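Reading through the structure tokens given below for one structure.
FYI, side chains are in, hydrogens and waters are out, and symmetry mates aren't considered; it's all heavy atoms of this structure. These figures come from a predicted structure and were not determined experimentally. Order of appearance sets the numbers: ligands from 1, and atoms from 1 within every ligand.
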Amino acid sequence: MNRTLHFDLIVIGAGPSGSAAACWAARSGLKVALIDKHPFPRDKLCGGAFTERAMGLYRQIFAQNDLGAPYVARDAVEFYAFGSPLGQLHSPAPLRLTMRRSLDAHLFELAINAGAQDFTGSRITGLSTDPVRVNLGHSVLTAPVLIGADGVNSFVARHLFGKAFEPDQIGFALEVEAVGLSPDLPLRIDFGAANWGYGWQFPKADSTTIGIGGIHARNPDMRRDMLHYLKTLGIADAPKVKGQYLPFGFARTKPGKAHVLLAGDAAGLVDPITGEGIAFALQSGKMAADAAQTALHEGRPEAALSIYRAQLRPLHLAMWQARQLRHLLFNPTLRRPFLNGFQRSSTMKNAYMQLLSGQTEYSEISRKILTKMPRLLMRAATPIGAPKF
Ligand SMILES: Cc1cc2nc3c(=O)[nH]c(=O)nc-3n(C[C@H](O)[C@H](O)[C@H](O)COP(=O)(O)OP(=O)(O)OC[C@H]3O[C@@H](n4cnc5c(N)ncnc54)[C@H](O)[C@@H]3O)c2cc1C
């Protein structure tokens with residue numbers, strides 16, 4: 001017979017957003033259930049770049065000083081655009097290159113240590129949200145508030161809205177784990193390896209993660225582009241290529257309904273230019289937990305979404321600004337002056353690196369680019385000696 005267990009908060013999905021939400025809520029005294037269909041450790045397709053922005057949130061949410069999962073730290077990135085080098089840049093803070101298998105297992109463990117109850121490896125056989133009841137076959141869980149942190153194909157988002165994302169706006173990414181390459185290879189980013197996106201080479205301890213990602217609708221043959229990119233990097237025998245949707249540029253303005261909140265990829269919170277998602281998963285997980293706690297404290301669980309939306313406003317604004325800037329970087333007409341400018345301007349390069357390390361925001365970048373725009377357009381009109389993009 002099914003047993004029924006009551007919680008203050010149920011979190012579905014134990015990736016970075018779910019573990020952050022569960023850990024933060026448990027640390028603030030809520031009785032939390034953390035559900036995932038997989039037991040941990042489990043693999044997740046991802047570059048695994050853990051930025052200084054992510055590190056700051058990790059310290060705050062999980063109350064740890066140093067990252068407790070293995071990583072390789074790099075402080076320089078080589079940039080290319082359409083095969084031409086744009087130069088090497090030094091980061092003001094290290095980029096930590098992790099494997100999601102160990103990173104996510106670590107975050108999950110911290111959430112459980114904080115007091116969240118472990119329901120990983122459990123398949124959801126039934127979900128109702130009004131009131132919240134999650135049937136796991138062996139048990140039924142209930143709570144006044146639910147957080148859907150179940151990734152880009154979110155089951156909870158589909159339950160609420162009929163679909164997890166807008167197919168014409170979603171991104172897509174392909175990746176391989178290449179073994180046997182030198183661990184001293186540069187960390188490399190290639191604009192133009194995919195349309196409206198880029199390629200990456202992230203060398204780690206036991207393998208090199210290589211991938212391309214871009215807007216799905218603008219990349220009709222991404223597998224061909226991936227094979228081309230691998231060839232550019234000197235890899236003839238392509239290891240197994242895997243793909244996954246990437247919700248960059250698809251931030252949900254209404255991430256949930258009343259007492260049901262969506263966090264991380266389920267809320268579309270991936271940077272539309274850099275593709276960074278782990279930091280925003282941590283941040284939105286914490287915000288969703290905060291909103292749940294406030295709403296419960298006020299005795300109005302149905303107010304959780306409006307509290308959460310208010311907290312998300314600056315993040316939504318930054319995502320919107322990045323979406324506008326994406327046109328400068330990726331639109332075929334505008335990208336040439338932009339990339340010429342990027343190649344020559346140390347201000348723009350530094351701004352990009354500061355963005356990656358979480359030390360500047362899109363509002364600041366937009367301001368810098370607007371100031372430089374007349375000069376960039378002049379350079380586009382006088383292309384002598386300029387590399388062709
Ligand atoms: C190829 C690729 C490369 C990327 N590289 C980077 C990078 O280098 N740096 C970076 O910051 N971001 C990167 N991202 C983005 C990053 O992976 C995501 O933004 C991040 O994982 C979002 O975290 P999340 O917790 O919201 O979702 P996820 O990490 O996807 O976790 C969701 C969890 O929910 C569980 N789940 C799903 N459905 C159910 C269900 N029905 N029932 C129970 N559990 C369920 C899953 O098992 C999973 O554990 C990349 C993405 C891709 C696709």
Answer yes or no: is there an ion pair linking Glu177 with Lys240, defined by an N-O contact shorter than 4.0 Å? no

For Ala49 and ligand 1, does the shortest N/O to N/O distance drop below 3.5 Å? yes

Compute the shortest N/O to N/O distance between Ala281 and ligand 1 and return yes if it is under 3.5 Å, no if not. no

Under 3.5 Å, N or O to N or O, is Arg42 touching ligand 1 that way? yes

Nitrogen or oxygen atoms of Asp104 and ligand 1 under 3.5 Å apart: no

Classify the side-chain pair Lys204/Thr209 by whether it contains a donor and acceptor separated by less than 3.5 Å. yes

Ligand-residue contact atoms, ligand 1 with Gly13, heavy atoms, under 4.0 Å: 33 (C), 34 (O), 35 (C)

Which residue holds the protein heavy atom closest to atom 44 (N) of ligand 1, what is that atom called, and what is the gap in Å? Lys37 N, 3.1 Å

Run the ring-centre check on Trp196 versus His327 and record whether the distance is less than 6.0 Å. yes

With heavy-atom distances below 4.0 Å as the criterion, list the atoms of ligand 1 near Leu45. 2 (C), 52 (C), 53 (C)

For Ile124, atoms of ligand 1 separated by under 4.0 Å from a heavy atom: 42 (N)

Counting non-hydrogen protein atoms only, what is the nearest one to atom 37 (C) of ligand 1? Give residue, atom name and distance. Asp150 O, 3.3 Å

In this structure, are over 12 heavy atoms from other groups packed under 6.0 Å from Asp168 atom CG? yes

Determine whether any heavy atom of Ala149 lies closer than 4.0 Å to an atom of ligand 1. yes

Given Asp104, which partner from the list His38, Arg42, Lys44 fulfils the side chain to side chain donor-acceptor pair (under 3.5 Å) test? Arg42

Any non-hydrogen side-chain atom of Val152 less than 4.5 Å from a side-chain atom of Leu246? no

Specify the protein heavy atom at minimum distance from atom 47 (O) of ligand 1: its residue, its atom name, and the distance to 0.1 Å. Asp36 OD1, 2.8 Å

Assess whether side-chain hydrogen bond (donor to acceptor under 3.5 Å, both in side chains) is satisfied between Tyr80 and Glu78, documenting all intermediate values. CA-CA 7 Å; Tyr80 290 77; Glu78 281 187 9; 3.2 Å; yes

Between Phe165 and Tyr245, is the ring-ring contact (aromatic ring centres under 6.0 Å, His included) condition met? List the steps. CA-CA 10 Å; Phe165 51 76; Tyr245 286 111; 4.7 Å; yes

Assess the residue pair Asp190 and Phe82 against the criterion (side-chain contact (heavy atoms from CB on, under 4.5 Å)); give the C-alpha distance rounded to whole Å, side-chain angles, the decisive distance to 0.1 Å, and a yes or no. CA-CA 7 Å; Asp190 285 74; Phe82 302 90; over 6 Å; no

Shortest protein contact, atom 17 (O) of ligand 1 (heavy atom only): Arg100 NH1, 3.1 Å

Tell me the nearest of Ala21, Ala20, Cys46 to atom 50 (C) of ligand 1, using heavy-atom distances. Cys46

Check ligand 1 against Val270 and write out every atom of the ligand that is under 4.0 Å from a heavy-atom position of the residue. 19 (O)

Do Gln293 and Trp24 meet the criterion of a side-chain donor-acceptor pair at a distance under 3.5 Å? no

Look at ligand 1 and say whether Phe280 reaches it with a heavy atom at a distance under 4.0 Å. no

Could you find the nearest protein heavy atom to atom 19 (O) of ligand 1 and give me its residue, atom name and distance? Asp265 OD1, 2.6 Å

Validation row: Gln64, Arg59 side chains within 4.5 angstrom (heavy atoms): no

For atom 27 (O) of ligand 1, what's the nearest protein heavy-atom neighbour? Residue, atom name and distance, please. Gly151 CA, 3.7 Å

Tell me, which protein residue and heavy-atom name are nearest atom 3 (C) of ligand 1, and how many Å apart are they? Gly47 N, 3.2 Å

So do Phe79 and Gln88 actually touch side chain to side chain, heavy atoms under 4.5 Å? no

Can you confirm whether or not the ring centre of Tyr71 sits under 6.0 Å from the ring centre of Phe50? no

Does at least one non-hydrogen atom of Arg123 fall below 4.0 angstrom from an atom of ligand 1? no

Hey, does Ala266 come in under 3.5 Å of ligand 1, counting only N/O atoms on both sides? no

Closest non-hydrogen protein atom to atom 31 (O) of ligand 1, residue and atom name please, with distance? Gly15 CA, 3.6 Å

If the cut-off is 4.0 Å to any non-hydrogen atom of His38, which atoms of ligand 1 fall inside it? 47 (O)

So the atoms of ligand 1 within less than 4.0 Å of a heavy atom of Ala173 turn out to be 1 (C)

Under 3.5 Å, N or O to N or O, is Ile278 touching ligand 1 that way? yes

Is Val270 linked to Ile189 within one hydrophobic cluster, defined over Ile, Leu, Val, Met, Phe, Trp and Tyr using a side-chain heavy-atom separation of less than 4.5 Å? yes

Taking a cutoff of less than 4.0 Å between a non-hydrogen atom of the residue and any ligand atom, is Phe202 in contact with ligand 1? yes

Atoms of ligand 1 under 4.0 Å from any heavy atom of Gly264, numbered from 1 in the order shown, are 26 (O)

Phe155 heavy atoms, cut-off 4.0 Å: which ligand 1 atoms fall inside? 41 (N)

Applying the ring-ring contact (aromatic ring centres under 6.0 Å, His included) test to Phe108, which of Phe40, Phe119, Phe62 qualifies? Phe40

Looking only at heavy atoms of Gly213, does any of them come nearer than 4.0 Å to an atom of ligand 1? no

Counting heavy atoms not belonging to Arg133, are there more than 12 under 6.0 Å from its CZ? no

